[in-house]
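The structure under discussion appears below in the form of structure tokens.
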There are 2 protein chains.
Amino acid sequence: MSAQIDNVSVLKQASVYFDGKCVSHTIILENGVKKTLGVILPSTLTFNTGVAEIMDITSGICQVRQKDQALWTKYVAGDSFDIPGDSGFDIETIETVNYVCHYA
Amino acid sequence: MSAQIDNVSVLKQASVYFDGKCVSHTIILENGVKKTLGVILPSTLTFNTGVAEIMDITSGICQVRQKDQALWTKYVAGDSFDIPGDSGFDIETIETVNYVCHYA
């Protein structure tokens with residue numbers, strides 16, 4: 001897993017969610033595809049999706065419960081998980097998570 | 001002021017300071033120069049500098065007091081200020097600040 005993403009544009013304005021528990025910066029690849037690069041501090045949060053997402057966990061430890069599911073699944077650096085569109089997930093961040101989010 | 005910075009590499013790992021009151025991502029320009037892109041949530045914080053820095057405020061409202069100075073100076077979107085090397089500053093963030101930090 002590379003530590004950086006090359007040849008991108010980055011938006012100067014970050015997005016701040018949940019009083020700063022989640023902060024993300026948007027990047028735009030050469031082909032116009034947008035991704036977000038973010039941090040989630042220790043917390044339990046609920047995110048809703050519009051389009052489907054793939055979350056790459058690049059550092060930290062969390063567990064995630066997909067919407068309407070009972071099961072929590074643990075993810076650490078190097079893991080990824082998918083979230084369907086028009087859905088959501090609960091995430092309990094145990095150690096501060098860095099992530100890259102890809103959109104469908 | 002452009003809303004984005006083009007042709008950069010971005011590090012996936014953010015830096016988190018002061019329990020998340022400040023979160024920044026490092027970018028590397030084509031010429032190898034590093035800058036950071038960050039957010040400061042409402043707070044009063046003290047930063048120390050190693051090398052000299054230029055802070056471009058891209059959104060929000062803050063006031064800044066240079067190390068060993070009495071005077072606070074207000075900065076808003078579009079403003080910049082310099083901090084000498086081996087020095088520091090207090091920053092009171094009144095409305096969440098986005099910044100780009102350039103290093104000497």
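Chain identifiers are assigned alphabetically (A, B, ...) following the order of the sequence lines, protein sequences preceding nucleic acid strands; residue numbering begins at 1 within each chain. Everything numeric in this text was worked out from a predicted model, so none of it was measured.
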In one Ile/Leu/Val/Met/Phe/Trp/Tyr side-chain cluster, 4.5 Å: B/F18, B/V97: yes
Contacting moiety of A/I27, where chain B heavy atoms sit under 4.5 Å: side chain
Out of curiosity, does A/V76 fall in the hydrophobic cluster containing A/I94 (side-chain heavy atoms, cut-off under 4.5 Å, transitive links)? yes
State, without any angle test, whether A/Q13 and B/S59 hold a side-chain donor-acceptor pair at a distance under 3.5 Å. yes
May I ask whether B/V23 and A/V16 are part of the same hydrophobic cluster, defined by side-chain heavy atoms of I, L, V, M, F, W, Y residues being less than 4.5 angstrom apart, directly or through others? yes
Any heavy-atom pair between the side chains of B/Q4 and A/V10 that's under 4.5 Å? no
Looking only at atom types and distance, does a side-chain atom of A/K12 sit under 3.5 Å from a main-chain N or O of B/L37, one as donor and one as acceptor? no
Connected via hydrophobic side-chain network under 4.5 Å: A/V39 and A/I61: no
Okay, A/V8 and chain B: the region with an atom under 4.5 Å from a heavy atom over there is both
Region of A/L41 in contact with chain B, defined by heavy-atom distances below 4.5 Å: side chain
So which of B/V100, B/I5, B/T96 has the largest heavy-atom pair count under 4.5 angstrom toward chain A? B/I5
Need one label for B/D56: side chain, backbone, both or neither, based on atoms under 4.5 Å from any heavy atom in chain A. neither
For chain A, which candidate among B/P42, B/G60, B/A3, B/G20 shows the most heavy-atom pairs at distances under 4.5 Å? B/A3
A/D90 meets the salt bridge (charged side-chain N to carboxylate O under 4.0 Å, His left out) criterion, sequence neighbours left out, with A/R65
Side chain from CB out, backbone as N, CA, C, O: work out which of these in A/D6 comes under 4.5 Å of a heavy atom of chain B, or both, or neither. both
Could you state whether B/I40 and A/Y17 fall into the same hydrophobic cluster, counting links through intermediate Ile, Leu, Val, Met, Phe, Trp or Tyr residues with side-chain heavy atoms under 4.5 angstrom apart? no
Segment of B/A14 engaging chain A (4.5 angstrom heavy-atom cut-off): both
